Amino acid sequence: MEEAYETLKKIAETTGYGSMKKKMELFISLLKKASPIEVKYLLRTITERLRLGIGDSTIMDALSIAFTGKKENRAVIERAYNISSDLGYVASVLAKEGLEGVEDIKIQIGRPIRPMLAERMAIPSFILKKLGGKAGAEYKYDGERIQVHRKKNEFHLFSRRLENITDQFPDLIEFLKESIPEECILELEAVVIDLSSGAIRPFQDLMNRRVKYVTRFHIMMYPVAGFIFDIMYLNGEDLTVKPYPERRRVLERNIKITDRINLATRKIVDNVKDLENFFLEAIESGCEGLVCKSLQKDSIYQAGKRGFLWIKYKRDYKSHLADTFDLVVVGAFYGRGQRTGYFGSLLMACYDPETDQFKTVCKVGTGFTEDDFRRLDEILSEHQIDHKHPRVNSILTADIWYEPYLVLEITGAELTLSPVHTCGWDKIKLNRGLGLRFPRFTGRYRFDKKPKMQQQRRS
DNA sequence: GTATACGTCCGCC
DNA sequence: CTCAGACCCATTCGG
DNA sequence: CCGAATGGGTCTGAGGGCGGACGTATAC
């Protein structure tokens, strides 16, 4: 175990010229010493596909039973894990100090809290019903979720997956210094804005900020703003146990609004009409939709949990509002894991009569049922060809090519400028085509449409 | 010997 | 990020 | 009244677009 661990660590830390070769040698040396079953788990370890059927929650149950004799104490362990994000640390406290030690684990500045997550729903009336007839609806900004920790001039920023991204946003930290309390943990959505109009720029722009060294150039070209939507800790007080309306009030009282730092736009709604109108307003402002939050007594900050206290309502969940596209299958990529032997995804294109070509828009690998896989396999095998079809225009190289024949209905959130998809190439931006964000199969086969007749429908 | 292109991975969504 | 399917567990249904 | 069926909640493992990082191959 120790040798495997040390070698893997060495592999991870190897960098520079010839590093790939060195990494390979290290791993080969490890494999040579391993038994067949060890090889299996070493491979699974480095490919991050351990597939043991044991997740965090099973480990917490196990810890509870092992150190306290019963499963009931898992809640205590879970709480400590959710506010520290470090199960190894919780386990070591449990082993050394027992359950009391774990109970004493508190929120600490600099230690990320596991983020609370939202469920999704497509029908406004159901959302209201679920939340008890009334909800705090907030704009869902299309940016990056950031957990901010502050103690005086000490700042820590964490991404949704709890990566430390403090160095990514030096400008944001400066703005926060003027706006937020001196000792707190809160959450915001960071977006890139247009300085002259204040408009929110697309998510893609924010990605330009994911550089190793943020310079004045990045700060100038991709100026960010933060929309704060929750607070979990203030001046030594744990606010995660307080209901959402109270946390929102704390924010309203303690945040100084500037042109760069604001609270997430919110409205209390208690009927479908208001909810729908507010939703349209959000879309109009460049947001993805709404997050509807429970206003009830139990609406605490449930760290690490995906529940119905928060409900996402996005445009593309509603099929009649979503852009749907009838696209032609022109290729496929081999599936992995459970999809070995089937396709993992299909390469989808639309017909351009101007050039008489099929140009790609997206790959699609989700939305298929097990039946769909069998059925599609059967239909497509009849149309398989050896080489890319002469009229298919694709930068990507599929594992299998098909003659353009089958039309499927695909839905997605929006079109983005794409460096790899050829549809609309150069039309909107030079050296860019159009790609579909969050593509998925709707389940509808368009046997009624011929490949060249497929046309897009949009709301 | 340097510059550029390419392939792969990673972490956002 | 989305989606399908498996699994868990509590509640309801039917013999 | 108790076991089977049902259904909501949650988890797992498939898959997507995109921009940047980084190592390697190739061009000049």
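Just so it is clear, the structure is predicted and the values come from calculations on it, not from any experiment. Below, chain A is the first sequence line, B the second, and so on; all start at residue 1.
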A:Tyr402-A:His389 aromatic ring centre distance below 6.0 Å: no

If you only use heavy atoms from C-beta on, which nucleotide in D:dA21, C:dC1, B:dC12 is closest to the side chain of A:Glu144? B:dC12

When rounded to whole Å, the CZ to C1' distance for the pair A:Phe373 and D:dG15 reads 8 Å

In this structure, how many angstroms lie between the C1' atom of D:dT12 and the CZ atom of A:Arg336, rounded? 17 Å

Between C:dC3 and A:Arg120, is there an OP1 or OP2 to side-chain N/O distance shorter than 4.0 Å? yes

Are A:Lys314 and C:dC1 close enough that a side-chain N or O sits under 4.0 Å from OP1 or OP2? no

Do the side chain of A:Ser64 and the main chain of A:Met60 share a donor and acceptor less than 3.5 angstrom apart? no

Select base, sugar-phosphate, or nothing to describe what A:Arg145 touches, counting heavy atoms under 4.0 Å on all strands. sugar-phosphate

Can you check the A:Glu119 CD to D:dG9 C1' distance for me, whole Å? 8 Å

What integer number of Å spans the P atoms of B:dC9 and C:dT2? 25 Å

Roughly how many Å is it from CE in A:Met207 to P in B:dC13, rounded to a whole number? 7 Å

Within the pair A:Arg210 and B:dC12, is there a side-chain N or O less than 4.0 Å away from OP1 or OP2? yes

If you compare every side-chain N and O of A:Arg440 against the phosphate oxygens of C:dC3 (OP1, OP2), does one of them come in below 4.0 Å? yes

When all nucleic acid strands are considered with a 4.0 Å heavy-atom cut-off, which category describes A:Lys130: base, sugar-phosphate, or nothing? sugar-phosphate

Taking only side-chain N and O atoms of A:Lys363, does any of them lie within less than 4.0 angstrom of OP1 or OP2 on D:dG15? no

Using a heavy-atom cut-off of 4.0 Å across all strands, would you classify A:Leu417 as base, sugar-phosphate, or nothing? sugar-phosphate

d(CG, A:Leu206; C1', B:dC13) in whole Å: 10 Å

What's A:Phe368 touching, base or sugar-phosphate or nothing? Going by heavy atoms closer than 4.0 Å. sugar-phosphate

Which residue in the set A:Lys267, A:Arg266, A:Lys293 passes side chain to side chain donor-acceptor pair (under 3.5 Å) when paired with A:Glu138? A:Lys293

D:dG17 phosphate, OP1 or OP2: any side-chain N/O from A:Gln204 under 4.0 angstrom? no

Could you tell me if A:Thr166 and A:Asn164 have a donor-acceptor pair between their side chains, going purely by distance under 3.5 Å? yes

Quick one: bend of the helix from B:dG1-D:dC28 to B:dC13-D:dG16 from 5 pairs per end, to 10°? 10°

Between A:Arg306 (CZ) and D:dT12 (C1'), how many Å, whole number? 13 Å

Is any side-chain N or O of A:Lys212 closer than 4.0 Å to OP1 or OP2 of D:dA21? no

With distance as the sole criterion, is a donor-acceptor pair present between the side chains of A:Gln204 and A:Thr416 under 3.5 Å? no

Report yes if a side-chain nitrogen or oxygen of A:Arg160 is closer than 4.0 Å to either non-bridging phosphate oxygen (OP1 or OP2) of C:dC1; otherwise report no. yes

Nucleotide nearest A:Val211 when distance is taken to its side chain, options D:dA21, D:dG15, B:dC13: D:dA21

Starting at CZ of A:Arg339 and ending at C1' of C:dA4, how long is that distance when rounded to a whole Å? 9 Å

Does a side-chain N or O from A:Ser345 land closer than 4.0 Å to OP1 or OP2 of D:dG16, or not? yes

A:Tyr141-A:Phe229 aromatic ring centre distance below 6.0 Å: no

Could you go through the ring-ring contact (aromatic ring centres under 6.0 Å, His included) check for A:Phe169 and A:Phe175 one step at a time? CA-CA 10 Å; A:Phe169 298 101; A:Phe175 302 135; over 10 Å; no

Please determine whether a side-chain nitrogen or oxygen atom of A:Thr369 lies at a distance below 4.0 Å from atom OP1 or OP2 of C:dC3. no

Whole-angstrom distance between B:dC10 and C:dC1, as gauged at atom C1': 15 Å

Residue-phosphate contact under 4.0 Å: A:Ser418 side-chain N/O, D:dG17 OP1/OP2: no

Under a 3.5 Å threshold, yes or no: a donor from one side chain and an acceptor from the other, between A:Asp167 and A:Tyr213? no

Phosphate OP1/OP2 of D:dG16: any A:Thr366 side-chain N/O under 4.0 Å: no

Checking contacts here: which listed nucleotide (B:dC13, D:dG16, D:dA21) is nearest the side-chain heavy atoms of A:Pro439? D:dG16

Pairing donors with acceptors under 3.5 angstrom, does anything connect the side chains of A:Tyr313 and A:Glu288? no

